[in-house]
Protein chains: 2
Amino acid sequence: MITSHNGPQPADFTDVRATNLAVVLRFVRENAPCSRADIAASTGLNKATVSSLVADLIDRRLLRETGLTEHRVGRPATMLVLDGSPYAAIGIEVNVDYITAVAVDLKGEELLNWRRSFPGGTSSAGQAVVAMAALARRVVSRMTKEARQVLGLTVAVPGLVDVNGTVRVAPNLGWRDADLAGDLTKALRDPGFPVLVDNDANLAALAEHRFGPHRNAANLVYVTGEVGVGAGIVMDGRLRRGGQGYSGEIGHIELDPAGPTCRCGRRGCLEAVAGMGAILARTAPDASPSELELEIDEVVRRARNGERDILALLEDVGRHLGRGMAAVANMLNPEVVILGGYYVPLAPWLVACAEEEMYGRVLAPGGGGCRLEVSTLGYGAAALGAAARVLDSVDSGRLPAQR
Amino acid sequence: MITSHNGPQPADFTDVRATNLAVVLRFVRENAPCSRADIAASTGLNKATVSSLVADLIDRRLLRETGLTEHRVGRPATMLVLDGSPYAAIGIEVNVDYITAVAVDLKGEELLNWRRSFPGGTSSAGQAVVAMAALARRVVSRMTKEARQVLGLTVAVPGLVDVNGTVRVAPNLGWRDADLAGDLTKALRDPGFPVLVDNDANLAALAEHRFGPHRNAANLVYVTGEVGVGAGIVMDGRLRRGGQGYSGEIGHIELDPAGPTCRCGRRGCLEAVAGMGAILARTAPDASPSELELEIDEVVRRARNGERDILALLEDVGRHLGRGMAAVANMLNPEVVILGGYYVPLAPWLVACAEEEMYGRVLAPGGGGCRLEVSTLGYGAAALGAAARVLDSVDSGRLPAQR
DNA sequence: TTTAGTTAGTCTTATGGCCAAACAAATGAC
DNA sequence: GTCATTTGTTTGGCCATAAGACTAACTAAA
């Protein structure tokens, strides 16, 4: 079935074509190498139709034929794989002290991963645009040198990004109402590819949904673990942004009216009791945001050494985290909640108690089938997801123009 | 654009046709009476295509031609409206002390609304199936007498319903693992129409999304206000049920670890501090569930009289409710949260403080555009939504067979 | 009363994309 | 060497939409 997902929009055969091109493309990504006959058998499309679709995709260099099968009865099949070489998708992540750029090919293979220090915490959005544009131009020129066409660029920002790509508030960066998508497009002077901006948690969720070990889950939630805590929500196979794009702001769910004061001014917010700030407040109260990574390393070291107070602290954080995740699981019933950011190195001491707390609070039998897992994509999840956002457009059938 | 919303499913012409039939049908529902030319101009479909689609819809008696326009320059247009007469969709709601059945036509006009007392709280699921089947048969025979074809039947159940229509847990009814959809289909002996089962909050949300004053909102949350508190979530224009169908279980989000004990055994759950139980515990601690309606009437009367302790109680409940809704708004960023059930009569004393509390806690600027509103659909929202669930199938292009 | 202008809806033809089935190609099994 | 098997292409048919000509039915104004 076809579902026009945003209201009454009519369909015609170009939509059928786009849908089916996307079906074939996704099938090959998930089952490569495979033959045309495999595709026809599994998708239900007619053999002739598959041949025509594959021809289109080969023309546009999205697919490539590899060798033939051997030693089987019948005519050998020509195998198809994604063609990694001619395209690139760029993802950029801005943060408090660095900008990361990654480029991936259609398969999701990382082509480059550049990290460049940048005083995000003390720079204006305008300065960030200049820095990002410079970095983006270098990435684009590298990709061009490799004879790759850039399909698009997406920027991940830790903050509230509305549906138009305007950064409404980015507390850690000190930005307000910055039209990042527009300004960056201007700074790149007619780049010839779309420039998008989205929230970092949303994009990390997209990365997990596309590349992570739970990529089959149509309903998943990714939780960032920095000083701030945010979530990206995938339901029914797509990122759900809410009415204005601000979904997933779980950091300020109030868990305890008698809890510690949060930087938002209220008490007992999830991020005040289970964010990195809650840990630093008790281990390194004077640390600046840029020292976060070092300090967490130190916490990990002390936990490994079995220091009692640290273990107790982490258990406490884990329990609060579990309570927050129970709220998520009760409200959204995802198949999996994936913990990212600094929750990853801290996971050995957090997850067990968080899970226990969560399962104890989820109403649905068996916790609604919701598991609590740890991200395997590392710190670059948001940047990777930003690139994945670009590939999503291709996946939904908007193929790059034929050359 | 067309989006195949559940994974790689290929499309063909029948899908295009179905999509466009649905587009026309929805357009007429929202803009009746209107002409073929209006449809073509607004949807972008070709005039000839619209004529063909409309002919199909008239053949199947989903549309009807009414008179002509007059006193306008040019050839008068033949106006089209939904044809209410030949079909019916049935919704049934089971509850602690009654079963409600409603039938609506394609326009959503209520054809009948029967309420029949039933000791749901002390009956088994099997007994309920017998009672529902009896009621359903009477409704069907009435509809048949009116020469209407029944398009389907949906049952709304206050409890956890999985994606297959099995009732996993219904605490107020005391049911567990009841295959209601299957059993009811059997009891109706090949009814010739689909029988579905879903959660009452989900279906009430669907009713609001289709018939309510905020029917244009693609992102809305409906909150039930009974002893239990649950939510139905519409995001991006569709009901989102989560991985197993248990989304929206907000009643046991923990708002205060030091709060009163909830019937689930834990402390400070939303429904323990802002559900009807929280009110009854302080006004009529010995009331049985079936007296709920009377007791709430009494609370309303006393609030109208300005009784201090009642007003204070309601303000307290309102504040807790607002905190819970802040969690909802932060996580989902809906355009509107609609309060239903007994929140409706209590709204004059609840909403102002709930709203204040909510806006104070939502991180997004301007509360993310999220409003807190009161349902206007009355107690029958779930049953109405159950019927709406049937109409949704028609709307997505699965038209009833031609006669 | 004629004529021009306007809008509604149908008819004809073309195009694009899918499917079914026949067919060609390339292999293994016997 | 022949047959069975599997792959992928070709052919023809079908279906739905688009474009534009055409018919229909009205108002306005000369």
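Sequence lines set the chain letters: A, B, ... in the order given, protein chains first and strands last, and positions in each chain run from 1. The structure presented is a predicted model; accordingly, all values stated were derived computationally and were not measured.
- B:Arg36 has its CZ atom 14 Å from the P atom of D:dA25, to the nearest Å.
- Checked against D:dA16, C:dG17, C:dG9, the side chain of B:Val16 finds its nearest nucleotide in D:dA16.
- Side-chain proximity of A:Leu45 to the nucleotides C:dT10, C:dA8, C:dC19 is greatest for C:dC19.
- Summarising the geometry, the separation between CE on A:Met79 and C1' on D:dT7 is reported as 12 Å, rounded to the nearest angstrom.
- Spacing between atom CD1 of A:Ile39 and atom C1' of C:dC18 amounts to 16 Å, rounded to whole angstrom units.
- Using a 4.0 Å heavy-atom cutoff across all strands shown, A:Ser52 reaches no nucleic acid atom at all.
- A close approach under 4.0 Å does occur between a side-chain nitrogen or oxygen of A:Asn46 and OP1 or OP2 of C:dA20.
- Whole-Å rounding puts the B:Ile58 CD1 to C:dT10 C1' distance at 14 Å.
- The 5' end of DNA chain D is approached more closely, in terms of each residue's nearest nucleotide, by A:Glu65 than by the other of B:Leu21 and A:Glu65.
- Heavy atoms of B:Ala48 sit under 4.0 angstrom from at least one base atom.
- Under the 4.5 Å side-chain criterion, counting only non-hydrogen atoms from C-beta, A:Asp236 is not in contact with B:Met235.
- Using modelled atom types, one finds a donor on one side chain and an acceptor on the other under 3.5 Å when comparing A:Thr14 with A:Asp12.
- Checking the phosphate oxygens (OP1, OP2) of D:dA16, no side-chain nitrogen or oxygen of B:Thr49 falls inside 4.0 Å.
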Under 3.5 Å donor-acceptor pairs involving side-chain atoms of residues 45-55 of chain A, not counting sequence neighbours:
unit_1	atom_1	unit_2	atom_2	d
A:Asn46	OD1	A:Ala48	N	2.8
A:Ser52	OG	A:Arg17	NH1	3.0
A:Ser52	OG	A:Arg17	NH2	2.7

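- Within the 3.5 Å criterion, the main-chain N or O of B:Asn333 finds no donor-acceptor partner in the side chain of A:Arg241.
- Of the candidates C:dG9, C:dC19, C:dG17, the closest approach to any side-chain atom of A:Phe13 belongs to C:dG17.
- Atom pair A:Leu80:CG and D:dG8:P shows a separation of 7 Å (rounding to whole Å applied).
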Interface polar pairs with nucleotides 3-6 of chain C, N/O, under 3.5 angstrom:
none

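- Distance, A:Arg17 CZ to D:dT17 C1': 16 Å, rounded to whole Å.
- Taking side-chain N and O atoms only, A:Thr78 has a distance below 4.0 Å to OP1 or OP2 of D:dG8.
- Salt-bridge check for B:Arg210 with B:Asp392: passed, with a basic side-chain N closer than 4.0 Å to an acidic carboxylate O.
- B:Asn20 has a side-chain polar atom (N or O) that falls below the 4.0 Å cut-off from OP1 or OP2 of D:dT17.
- Checking D:dA21, D:dT9, D:dT17 against the side-chain heavy atoms of A:Lys47 singles out D:dT9 as nearest.
- The CG-P distance, from B:Asp12 to D:dC15, rounds to 12 Å in whole Å.
- Counting heavy atoms from C-beta on, the side chains of A:Leu82 and A:Leu25 come closer than 4.5 Å.
- As judged by a 4.0 angstrom heavy-atom cut-off over every strand, A:Ser51 is placed among the base-contacting residues.
- No contact: B:Thr14 has no heavy atom under 4.0 Å from any strand.
- B:Asp15 places its CG atom 11 Å from the P atom of C:dC18, with the value rounded to the nearest Å.
- The side chain of A:Pro76 approaches C:dT27 more closely than any other nucleotide in the set C:dG17, C:dT27, D:dG8.
- Summarising the geometry of A:Gln9 relative to B:Thr19, their closest heavy-atom pair is O-CG2, 3.9 Å, with the distance given to 0.1 Å.
- Between B:Glu109 and B:Lys107 there is no salt bridge, since no side-chain nitrogen of the basic residue lies less than 4.0 Å from a carboxylate oxygen of the acidic one.
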